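Let me begin by presenting the structure, written as structure tokens, before commenting on it.
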2 protein chains.
Amino acid sequence: MLNADQTTELAELFRLLGEPNRLGIVTSCLDEPLSVGEITSRLSLSQSLVSHHLRLLRAARLLKAGRRGKQIFYSIPDCHVREMLTNMIEHLIEPHEQDDDINA
Amino acid sequence: MLNADQTTELAELFRLLGEPNRLGIVTSCLDEPLSVGEITSRLSLSQSLVSHHLRLLRAARLLKAGRRGKQIFYSIPDCHVREMLTNMIEHLIEPHEQDDDINA
DNA sequence: GATATATATGAACACGTGTTCATGCGAGTG
DNA sequence: CACTCGCATGAACACGTGTTCATATATATC
């Protein structure tokens, strides 16, 4: 299916989305590009923290950056990321009996 | 978009997929249900480790378990998980100039 | 029922990582 | 050109978490 390196690389993407604040940053950019300041105030996080996270998300191409005047706006780079998030949200809200058990 | 609790819950799902061994376990079950023993030998991991990971994945409904004879087989529970993985893989292999930079 | 096989669980350790505080940098503006 | 605003970076700490070793459970088979 996937070799070890690919798996590690893919896991790295998921790991980035696996931190609440970071995921919040990504999802907040789903509707419209947001400036760093906007993200900071909407999520009530320190500006430093947001910047640290944005750097990682940008590097992984989970967000893309673009300057508009003084500010830098972040947005979702492609449809795969968007659809992936959609699917995961659907999985989350999907009704489910907690058949955690072996018997299904 | 998503409230804080939903974001945390969703992040938890991604966090689980964000560990290479765990992601390997999930993706190895993409094609066909696999027994714990099969997973253990294919990924060359300790049986204990695999079981620990399976427990978490099962609880998060990223995998479902079913007994067949002596063994327990794990498989992907629904289409959302499968599609989500597909999208993420496509995002991974997507050609990209490393425009990590602000200028796009 | 006893033994073996397949999987699950618990405790403990080593390590990575999210966060903060302080500071640096660069583009726009007067 | 100096100044400021918006964002980025670096160091350091506190905490969570993946892994292993040892052991427990449960389902088949004899």
Side-chain angles (χ1 to χ4, degrees), chain A residues 4 7-9 11-26 28-29 33-60 62-75 99-104, chain B residues 4 7-9 11-26 28-29 33-60 62-75 99-104:
Chain A
T7 301
T8 301
E9 204 176 344
E12 172 65 15
L13 291 179
F14 284 124
R15 193 182 63 79
L16 290 172
L17 296 173
E19 204 280 320
N21 287 334
R22 222 148 39 201
L23 181 60
I25 292 175
V26 174
S28 70
C29 294
L34 290 184
S35 71
V36 179
E38 264 294 313
I39 297 172
T40 299
S41 62
R42 286 200 192 187
L43 302 186
S44 303
L45 300 175
S46 80
Q47 181 268 314
S48 171
L49 181 54
V50 171
S51 257
H52 278 298
H53 284 324
L54 284 174
R55 189 156 118 88
L56 300 174
L57 293 169
R58 216 173 52 203
L62 289 168
L63 283 181
K64 68 176 177 187
R67 179 178 293 274
R68 272 215 303 256
K70 258 192 193 179
Q71 291 151 314
I72 295 176
F73 286 76
Y74 284 84
S75 56
D99 43 0
D100 173 81
D101 210 340
I102 278 100
N103 317 311
Chain B
T7 301
T8 301
E9 205 177 341
E12 172 66 14
L13 291 179
F14 284 124
R15 192 182 64 79
L16 290 171
L17 296 172
E19 203 280 320
N21 288 334
R22 223 150 36 203
L23 180 60
I25 292 174
V26 174
S28 69
C29 294
L34 291 184
S35 71
V36 179
E38 264 294 312
I39 297 171
T40 299
S41 62
R42 287 199 192 187
L43 303 186
S44 303
L45 300 175
S46 80
Q47 181 268 317
S48 172
L49 181 55
V50 172
S51 257
H52 278 298
H53 284 324
L54 283 175
R55 189 156 120 87
L56 300 175
L57 294 169
R58 218 174 50 205
L62 288 169
L63 282 181
K64 68 177 176 188
R67 178 178 293 274
R68 272 214 304 255
K70 257 192 195 179
Q71 293 149 312
I72 295 176
F73 286 77
Y74 284 83
S75 57
D99 43 358
D100 172 78
D101 210 340
I102 278 100
N103 317 313

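Atoms considered below: every heavy atom in the structure, side chains included; atoms not considered: hydrogens, waters and symmetry mates. Please read all numbers here as calculations on a predicted model, not as lab measurements.
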For the side chain to side chain contact (heavy atoms under 4.5 Å, CB included) test, which of Leu13(B), Leu56(B), Leu23(B) pairs with Leu62(B)? Leu13(B)

For a quick check, tell me whether the side chain of Gln47(B) and the base of dA6(C) share a donor-acceptor pair closer than 3.5 Å. no

How long is the line joining CZ of Arg22(A) and C1' of dT17(C), in whole Å? 8 Å

Within less than 4.0 Å of OP1 or OP2 of dA8(D), is there a side-chain N or O belonging to Arg58(A)? yes

5' priority, DNA chain D, between Asn21(B) and Leu49(A) [closest heavy atom]: Leu49(A)

Could you walk me through whether Ser51(A) and Gln47(A) satisfy the side chain to side chain donor-acceptor pair (under 3.5 Å) test, starting with their C-alpha distance in whole Å, then the side-chain angles of each, then the deciding distance to 0.1 Å, before giving a yes or no? CA-CA 6 Å; Ser51(A) 257; Gln47(A) 181 268 314; 3.3 Å; yes

Of Ser51(B) and Ser46(A), whose closest DNA chain C nucleotide lies nearer the 5' terminus? Ser51(B)

Looking at Arg55(A), does any N or O in its side chain come under 4.0 Å of the phosphate oxygens OP1/OP2 on dT9(D)? yes

Indicate whether His52(A) forms a stack on dT19(C); treat it as stacked only if centroid distance is below 5.5 angstrom and interplanar angle below 30 degrees. no

How long is the line joining CZ of Arg67(A) and C1' of dG26(C), in whole Å? 7 Å

To the nearest Å, how far apart are Phe14(A) CZ and dT17(D) C1'? 19 Å

Could you tell me how far apart Leu56(B) (CG) and dT17(D) (P) are, to the nearest whole angstrom? 10 Å

Judged by each residue's nearest nucleotide on DNA chain C, which is more toward the 5′ side, Leu45(A) or Arg68(A)? Leu45(A)

Confirm from the modelled atom types if Ser48(B) and dC21(D) form a donor-acceptor pair under 3.5 Å, side chain to base only. yes

Please classify the nucleic acid contact of Gln71(A) as base, sugar-phosphate, or nothing, using heavy-atom distances under 4.0 Å. sugar-phosphate

Do you know the tightest heavy-atom contact between Cys29(B) and Leu34(B)? SG-CB, 4.2 Å

Mind calculating the distance between CD1 (Ile39(B)) and P (dA6(C)) to the nearest angstrom? 15 Å

To the nearest angstrom, how far is Leu54(A) atom CG from dA8(D) atom C1'? 10 Å

How close or far is atom P of dC15(C) from atom CD of Glu19(B), stated in whole angstroms? 16 Å

N or O in side chain of Arg15(A) less than 4.0 angstrom from dG18(D) OP1/OP2: no

Does some side-chain heavy atom of Asn21(B) sit less than 4.5 Å from a side-chain heavy atom of Leu43(B)? no

Is any side-chain heavy atom of Arg15(A) closer than 4.5 Å to a side-chain heavy atom of Glu12(A)? yes

Mind running side-chain contact (heavy atoms from CB on, under 4.5 Å) on Ile72(A) and Leu54(A) for me, showing each step along the way? CA-CA 11 Å; Ile72(A) 295 176; Leu54(A) 284 174; over 6 Å; no

Lys70(B) atom NZ is separated from dT29(D) atom P, nearest whole Å, by 6 Å

Any side-chain N or O of Tyr74(A) less than 4.0 Å from the OP1 or OP2 oxygen of dA8(D)? yes

Can you find a pair of side-chain heavy atoms, one from Arg58(A) and one from Tyr74(A), that are under 4.5 Å apart? yes

pair His53(A)-Glu19(A): side-chain heavy atoms closer than 4.5 Å: yes

Report for the helix from dG1(C)-dC30(D) to dG30(C)-dC1(D): angle between first-end and last-end helix axes, five pairs each, rounded to 10 degrees. 30°

